[in-house]
Amino acid sequence: MSIPPGSAASDDLPKKPPRSLISNLVFWGSVSTLAVFLLSVTVGTWLIGSYDDSHRDRIECNVTDATGGTYSPAGRTAGSRPDLTISTSDCGTLSLLHKFDQATNDAMAEELAQGGKFEFEMGQATRALQGFFDVIGMKPEVLSYRKID
């Protein structure tokens, strides 16, 4: 049974307050900001990787330490691979992901841990964003290295 409009009973029903313009702006502003953020994280990461695949750069760094470990995407053990964390005095902390076995990873970490000047190969976009990565605590990925002295 419905209550006819204009009757005494329809006046007793609580009415929804109209949404204000400010609350609509806040809602849609928040939704669009979240959408832009998610899009930049997903698409931006893919774009940087694609650009880096065909644009390489070399940097020289003074290595102070290196440790071997295992990189596991999203904390999973499936798909994990050896990872080197390289500390430098002038280039910050770098990461080297590779497809070698753990024994090779340990040997590479030992070689780098001795220190000295090394040349690292990395993508140009990663190189350009290296300062940003330092600010957010992310380690830029290098693709290869060689000892200089």
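Within a 6.0 Å radius of CD1 in I22, no more than 12 heavy atoms belonging to other residues, nucleotides or ligands are found. By the 6.0 Å contact criterion, CD on E110 is open, its count of non-hydrogen atoms from other residues, nucleotides or ligands being 12 or less.
Judged as a ring-ring contact (aromatic ring centres under 6.0 Å, His included), and not counting sequence neighbours, F120 has no contacts. Taking F133 as the reference, nothing meets the ring-ring contact (aromatic ring centres under 6.0 Å, His included) condition, with sequence neighbours excluded. The side-chain hydrogen bond (donor to acceptor under 3.5 Å, both in side chains) check on D65 picks up nothing, with sequence neighbours excluded. Remark: Y51 pairs with H55 by the ring-ring contact (aromatic ring centres under 6.0 Å, His included) rule, at least two apart or across chains.
Contact record, D83 with S95: OD1-OG, 2.9 Å, taken as the closest heavy-atom pair. Minimum heavy-atom separation, F118 to E111: CZ-O, 4.0 Å. A109 and G68 make their closest contact through CB-N, 3.7 Å (heavy atoms, listed as atom of the first residue, atom of the second, distance). Of all non-hydrogen atoms in K147 and G116, the two that sit nearest each other are NZ-CA, 3.9 Å. Contact record, L112 with V63: O-CG1, 3.1 Å, taken as the closest heavy-atom pair. The two residues L94 and M122 come nearest to each other via the heavy atoms CD2-CE, 4.4 Å.
Residue I136 is grouped with residue I48 when hydrophobic side chains (ILVMFWY) are merged at heavy-atom distances under 4.5 angstrom, including chains of intermediate members. Both L38 and V41 belong to a single network of hydrophobic side chains, linked directly or stepwise wherever heavy atoms of I, L, V, M, F, W or Y lie under 4.5 Å apart. Taken together through direct or relayed side-chain contacts under 4.5 Å among Ile, Leu, Val, Met, Phe, Trp and Tyr, L143 and L84 form parts of separate hydrophobic clusters. Hydrophobic cluster membership differs between V26 and L21, with clusters built from Ile, Leu, Val, Met, Phe, Trp and Tyr side chains linked at under 4.5 angstrom.
Screening residues 23-46 for side chain to side chain donor-acceptor pair (under 3.5 Å), with sequence neighbours left out, gives S20-S23. Sequence neighbours left out, the pairs with a member in residues 88-130 that pass disulfide (SG to SG under 2.5 Å) are C61-C91.
Taking the side chain as every heavy atom from C-beta outward, E141 and T126 never approach each other to under 4.5 Å. Contact annotation: the side chain of E121 never approaches that of L96 to less than 4.5 Å [non-hydrogen atoms, C-beta and beyond].
In this structure, the side chain of D90 engages the main chain of N62 through a donor-acceptor pair within 3.5 Å. Of the possible donor and acceptor atoms, none in the side chain of T93 sits under 3.5 Å from a partner among the backbone N and O of K139.
Side-chain atoms of Q124 and R127 include no donor-acceptor pair closer than 3.5 Å.
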